[in-house]
Amino acid sequence: MRAEKTFHRFDKFNTKYNPIGQPLLREIFLKQNNYIKGRYLARLTKQVFDDLESNKYQFAEYRISIYGRKKSEWATLAAWVVDNELWSKNVKWMIQVPRLYKLWRKLQLVKTFEEMLDNIFRPLFEATIDPAAHPKLAVFLEQLVAFDSVDDESQRERGFFSGMPLADEWDNEENPPYSMWSYYMYANITTLNKLRISKGMNTFTYRPHAGEAGDIEHLAATFLVANSINHGILLYHSPVLQYLYYLAQIGISISPLSNNLLFCKYEDNPFPRFFRRGLNVTLSTDDPLMIHVTKEPLVEEYSVAAQVWKLTSTDLCEIARNSVLQSNFDPIFKAYWVGQHYWKMGPASNDVARTNVPDIRMRYRYDLLQEELYYVHHAEEKMEADQAKARLRAKKRQEAKRKDEERLNRALESQESSKPAENKGDTKEACGLKGDGDKK
């Protein structure tokens with residue numbers, strides 16, 4: 001673990017993917033849309049699939065990019081997957097969409113943001129409506145589970161507080177704001193899902209990169225539209241958003257070793273704090289070719305976290321359980337891994353024999369969450385009840401004070417009434433009066 005080497009700049013980190021500094025070598029060996037039709041990358045991918053299947057207990061959701069330069073990207077990608085038979089029971093595919101509108105606009109490959117969105121989503125709608133016309137893409141979509149959105153979040157973006165243009169009106173050379181990008185990704189995925197549900201097909205989730213660097217507003221946008229997020233370490237700087245993510249139990253997949261290499265030193269990573277507070281966090285890998293040194297990158301993440309943060313076996317099992325629930329593997333797999341009732345809340349969802357997470361831990365998490373949700377959902381009622389109790393206490397104090405004053409007044413009146421009778425003779429003498437005997 002290289003805890004002392006933190007890049008802090010995404011562009012410098014990204015250039016490390018170019019073997020001996022040559023982008024052409026990256027194009028040859030790590031791309032699928034090249035002149036050799038991605039044969040080398042396909043062989044590497046099959047080797048990784050074989051390793052996962054021999055391991056038995058590791059499953060993965062691998063990402064591959066669609067750039068939005070042209071509509072034919074989907075056909076090329078689907079042909080690469082299908083022709084090379086790149087599927088496994090241990091693997092599902094995710095599509096990551098780099099936010100490169102600025103580059104494509106500069107190269108005049110697209111004219112508006114709407115055109116880029118059209119390149120990304122139109123082929124998916126066409127393959128859903130008429131699978132026979134796009135057989136390879138239709139097959140690939142059966143193995144696809146989610147969409148990701150990636151780019152260098154540390155770059156500052158222009159703020160839009162009113163008058164946000166629509167996608168077809170965005171024709172300048174700057175990238176759309178993160179919130180705008182997230183909304184249109186979410187809107188298109190949601191619409192596509194409704195169409196696929198009507199045809200009995202599988203659906204997709206939106207799980208973008210957010211909160212690794214840059215503006216905290218990115219996390220506000222993903223709270224509204226994302227099913228789960230990757231990284232999210234900047235939540236530590238916003239207690240309000242952190243609380244909202246906790247209440248909604250939005251999944252947060254964190255790769256501390258990747259964060260350490262880019263923006264956040266390992267010892268400063270907020271993962272253990274998030275975990276203790278009950279956020280839905282799990283450990284994951286990111287850029288394993290760059291960061292990890294063994295054939296078991298996920299085991300590296302767990303072992304380093306356990307040693308550095310003194311995580312117990314129960315903690316590690318709970319984190320692994322969270323990863324299963326955040327994933328988009330089929331329900332039959334989730335039921336086998338964590339229990340038949342995995343979709344329920346609290347101890348009812350837990351099968352100790354499968355998860356090794358004690359029911360008392362699940363009860364603790366569930367009770368705290370329900371208590372917080374009760375405070376939120378019944379805040380007005382609770383406020384009214386507290387105000388009523390406060391008024392009642394104030395009334396009782398006033399009544400007690402009134403009774404004390406009455407008792408004091410009665411005591412003073414009793415004292416005044418008894419005082420002249422007791423001191424009658426003394427009073428006359430004090431005024432210079434004498435009796436008859438004294439006058440004689």
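Atoms considered below: every heavy atom in the structure, side chains included; atoms not considered: hydrogens, waters and symmetry mates. Predicted model, so just to flag it, every value in this text is computed and none were measured.
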Could you pull out every donor-acceptor pair under 3.5 Å between side chains of residues 220-231 and any protein atom, sequence neighbours left out?
residue : atom : partner : partner atom : Å
Thr222  : OG1  : His218  : O            : 3.2
Thr222  : OG1  : Leu219  : O            : 3.1
Thr222  : OG1  : Tyr245  : OH           : 2.7
Asn227  : OD1  : Tyr206  : N            : 2.8
Asn230  : OD1  : Arg63   : NH2          : 3.1
Asn230  : ND2  : Arg207  : O            : 3.0
Asn230  : ND2  : Pro208  : O            : 3.4
His231  : ND1  : Asn259  : ND2          : 3.1
His231  : NE2  : Asp286  : OD2          : 3.1

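Side chain to side chain, Arg99 and Ser149 meet the donor-acceptor criterion of an N or O pair below 3.5 Å. For Gln58 and Asn90, the side-chain atoms include no donor-acceptor pair closer than 3.5 Å. A side-chain donor-acceptor contact under 3.5 Å links Thr355 and Asn350.
Stacking of Arg69 on the aromatic ring of Tyr67 is recorded, both the 6.0 Å distance cut-off and the 45° axial limit being met. Remark: Arg273 is not positioned above the aromatic ring of Tyr246, lacking an NZ or CZ atom under 6.0 angstrom from the ring centre and at most 45 degrees off the axis.
In summary, of the residues considered (Tyr186, Phe121, Phe147), a ring pair (Phe, Tyr, Trp, His ring centres under 6.0 Å) with Phe204 occurs for Phe147 alone.
Under the 4.5 Å side-chain criterion, counting only non-hydrogen atoms from C-beta, Gln32 is not in contact with Thr45. The side-chain heavy atoms of Gln96 and Ile64, taken from C-beta on, include no pair separated by under 4.5 Å.
The aromatic rings of Tyr374 and His378 sit parallel, their planes meeting at an angle under 30°, below the 60° perpendicular limit. Between Phe140 and Trp74, the ring planes are tilted. Angles from 30° to 60° get that label.
Annotation: ring-ring contact (aromatic ring centres under 6.0 Å, His included) contacts involving residues 34-53, sequence neighbours excluded, comprise Phe29-Tyr40.
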